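Just so it is clear, the model here is predicted, and its values are computed rather than measured. Throughout, residue positions are numbered sequentially from 1 according to the sequence presented.
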Amino acid sequence: MKLSQIRLITNDIHSSVAFYRDVMEFALGYYAEGMEFASFNTGETKIEIFSRHQISEVIGEKNLPTDVESPSKFLLSFAVDQIDEVTSV
């Protein structure tokens, strides 16, 4: 099993992209301003940034408030060879 993605949830996509691109100097792999999504190439593990507004639509929770502090600020994605072996533990 390996960590493949760290997805950060933000209320300010522009400032977040600028921080990781300009301050941290991560290579911007993909940026879709209209989707409020960005992906940075950092080696084996990608850092992705998604706006809180857009992630609520992706997960089918369009009525989630976007003007309050969210308990979830990130999502970790793992790659495994055999999902059945990992989930049977």
Side-chain angles (χ1 to χ4, degrees):
M1 176 176 5
K2 74 173 192 168
L3 179 62
S4 61
Q5 298 172 346
I6 300 170
R7 182 169 291 172
L8 305 172
I9 310 302
T10 182
N11 286 328
D12 186 345
I13 189 78
H14 297 100
S15 293
S16 296
V17 168
F19 173 78
Y20 285 98
R21 181 191 61 218
D22 302 338
V23 176
M24 299 300 293
E25 297 183 352
F26 290 149
L28 184 60
Y30 181 78
Y31 183 39
E33 190 170 354
M35 288 178 47
E36 298 179 18
F37 173 82
S39 177
F40 293 88
N41 300 321
T42 60
E44 279 191 36
T45 303
K46 289 185 177 180
I47 294 178
E48 297 181 341
I49 302 173
F50 217 125
S51 77
R52 180 161 158 60
H53 169 75
Q54 287 291 64
I55 198 70
S56 67
E57 290 186 16
V58 168
I59 64 172
E61 297 290 338
K62 293 182 181 180
N63 296 324
L64 285 177
T66 57
D67 58 343
V68 295
E69 191 67 24
S70 170
S72 300
K73 296 192 177 18
F74 65 91
L75 174 122
L76 303 176
S77 296
F78 294 90
V80 297
D81 293 326
Q82 293 292 325
I83 189 70
D84 293 333
E85 291 176 14
V86 176
T87 60
S88 66
V89 175

All salt bridge (charged side-chain N to carboxylate O under 4.0 Å, His left out) counterparts of Glu48, not counting sequence neighbours |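 By the salt bridge (charged side-chain N to carboxylate O under 4.0 Å, His left out) rule, Glu48 matches Arg7.
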Only counting residues at least two apart or in another chain, list the ones meeting side chain to side chain contact (heavy atoms under 4.5 Å, CB included) with Thr10.
->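 Counting only residues at least two positions away or on another chain, Thr10 forms a side chain to side chain contact (heavy atoms under 4.5 Å, CB included) with Asp12, Ile13, Ser16, Ile49.
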Spatial distance of atom CD1 (Ile9) from atom CZ (Arg52) [nearest 0.5 Å] |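 Here the interatomic distance stands at 9.0 Å.
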First locate atom CD1 of Ile6, then atom OG1 of Thr42, and finally report the distance between them rounded to the nearest 0.5 Å.
->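 Ile6 atom CD1 to Thr42 atom OG1 measures 7.0 Å (nearest 0.5 Å).
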Donor-acceptor list for residues 20-36 side chains, cut-off 3.5 Å, not counting sequence neighbours:
residue : atom : partner : partner atom : Å
Glu33   : OE2  : His14   : NE2          : 3.0
Glu36   : OE1  : Ser51   : OG           : 2.5

Assess whether side-chain contact (heavy atoms from CB on, under 4.5 Å) is satisfied between Thr45 and Gln5, documenting all intermediate values.
-> CA-CA 5 Å; Thr45 303; Gln5 298 172 346; 5.7 Å; no
Among all residues two or more places apart in sequence or in another chain, which pass the ring pair (Phe, Tyr, Trp, His ring centres under 6.0 Å) test with Phe37?
-> Phe50
